[in-house]
Number of protein chains: 2
Amino acid sequence: MPSPRTETAEQVSSLILERFVPYRLSVLSNTVSRAIARIYAERFDLTIPEWRVMAQLGRHGRLSASDIVGLTAMDKVRVSRAVARLVASGRVVAVPDETDRRRQLLTLAAAGRRIYREIVPLALEREARLLDALEPEERRALDRLLAKLQGQAAKLAPKTAGEDGEPD
Amino acid sequence: MPSPRTETAEQVSSLILERFVPYRLSVLSNTVSRAIARIYAERFDLTIPEWRVMAQLGRHGRLSASDIVGLTAMDKVRVSRAVARLVASGRVVAVPDETDRRRQLLTLAAAGRRIYREIVPLALEREARLLDALEPEERRALDRLLAKLQGQAAKLAPKTAGEDGEPD
DNA sequence: TGGCATTAGTTTCATACGAAACTATTATCT
DNA sequence: AGATAATAGTTTCGTATGAAACTAATGCCA
């Protein structure tokens, strides 16, 4: 492995895509996503946005859609659609908030809780297998790097400190 | 920052999305992507697949579409569409390969080379700004971690050791 | 109280995506 | 050579995406 082009922007005007961090992040993220999305899709007929909504409801109990927007870095359109499907499939219950009739309070239905309890260990196991490639110190380093990069990226990004989309 | 759940799969059946590495990778990748995609889109009316094709042609000179598939982790549908647009916009020239008439050999046209020379420094500058948040040793660590994780993720992934898609 | 700005959430619309099917050409096997 | 498999690349088709417009309810301020 040749020493990477890490010294700021030297090696002027030569760009090797395979070493370009945004590209590598994109490829990695998508490889990982596919591996994990299979669990949700094949075994539970869940999309990733649906899974994220369930994860938040499973952890926090009762939330409005906009709470979930704030928690998941998904935009409200995505959340709205995910919630609609979850309600349609009987995995989530929505009850109107009587103190603010624009809002609906969402909770996992029994079927949703059942699935949630099944998925969580599978998801954690996948994550563990991914991290198997790393030493313990490397995992801590990863944790720190992800946090730092996310903070920096948010500065460079436009309004929508978005989520899924197009990488590079 | 609480010590992360890195000890394999302890803390059983508790999943906090904000700490879940696949999720964090997804959010980061997409935040970075948006920041960078803006350059391509606003200033050059280029999509990311088009940019990737140009990056490979800019570096390697003359390639077939399937060469690019092999180099970019994009599937052939995406490459095909990107190439079609690049040819339509006069940025890439496609000439039939006389020794194998299924193939077309692609090169950057003059307009494509011009754009390529303009984009490369901008892309590298964005990358540099992202990495500004890291110390030099951290950048080296990032390089290593990305490589290791990509290797491991490829093992867990299905056939299509894909690219863009849906994260978590 | 009335009116204007906000917020919650949905719908519309144009675009991107990729699996699968398809066309055309080349490779391989007998 | 003739048939079958494999490869290059395109098209089809159903689905996902998000910006922008929209509906409905609430907040704010004079």
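In what follows, chains carry the letters A, B, and so on, assigned in the order in which the sequence lines appear, proteins first and then strands, with residues in each chain numbered from 1.
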TODO: Could you list the residues that satisfy side-chain hydrogen bond (donor to acceptor under 3.5 Å, both in side chains) with R126(A), not counting sequence neighbours?
DONE: none

Task: Whole angstrom value for the distance that separates C1' of dT12(C) from CZ of R78(A) - done: 18 Å

Task: Contacts of type side-chain hydrogen bond (donor to acceptor under 3.5 Å, both in side chains), residue R101(A), not counting sequence neighbours - done: none

- [ ] Please figure out whether T99(A) or T47(A) has its closest DNA chain D nucleotide nearer the 5' end.
- [x] T47(A)

Open item on the list: In this structure, how many angstroms lie between the P atom of dT7(C) and the CD1 atom of I68(A), rounded?
Closed with: 19 Å

- [ ] Ignoring backbone atoms, test whether R34(B) places a side-chain nitrogen or oxygen under 4.0 Å from the OP1 or OP2 oxygen of dG18(D).
- [x] yes

TODO: Only pairs at least two apart or in different chains count here, so list each side-chain hydrogen bond (donor to acceptor under 3.5 Å, both in side chains) that has a residue in residues 105-114 of chain A.
DONE: none

- [ ] Could you tell me which residues satisfy side-chain hydrogen bond (donor to acceptor under 3.5 Å, both in side chains) with E138(B), sequence neighbours excluded, listed by chain and number?
- [x] R144(A), K148(A)

Open item on the list: Measure CZ/R85(B) against P/dT11(D) and give the value in whole Å, please.
Closed with: 13 Å

Task: Length of the line joining M74(A):CE and dT17(D):C1', which is rounded to integer Å - done: 13 Å

Between the protein and nucleotides 7-10 of chain D, which nitrogen or oxygen pairs are less than 3.5 angstrom apart?
residue	atom	partner	partner atom	Å
dT7(D)	O2	R102(B)	NH1	2.7
dG9(D)	OP1	Q104(B)	N	3.1
dG9(D)	OP2	A65(B)	N	3.4
dG9(D)	OP2	S66(B)	N	2.6
dG9(D)	OP2	S66(B)	OG	3.2
dG9(D)	N7	K76(B)	NZ	3.0
dG9(D)	O6	K76(B)	NZ	2.8
dT10(D)	OP2	S80(B)	OG	2.5
dT10(D)	O5'	S80(B)	OG	3.4

- [ ] Measure from CZ on R38(B) to C1' on dA19(D) and round the result to the nearest Å.
- [x] 15 Å

- [ ] Any chance you could pull the hydrophobic cluster mates of V95(B), using side-chain heavy atoms under 4.5 angstrom and chaining through other members?
- [x] V93(B), L105(B)

Open item on the list: Please identify which of these residues, R62(A), R103(A), Q104(A), R102(A), meets the side-chain hydrogen bond (donor to acceptor under 3.5 Å, both in side chains) condition with D97(A).
Closed with: R103(A)

Task: Length of the line joining D97(A):CG and dG9(C):C1', which is rounded to integer Å - done: 13 Å

- [ ] Take atom CG of D75(A) and atom P of dA19(D), then tell me their distance rounded to the nearest Å.
- [x] 6 Å

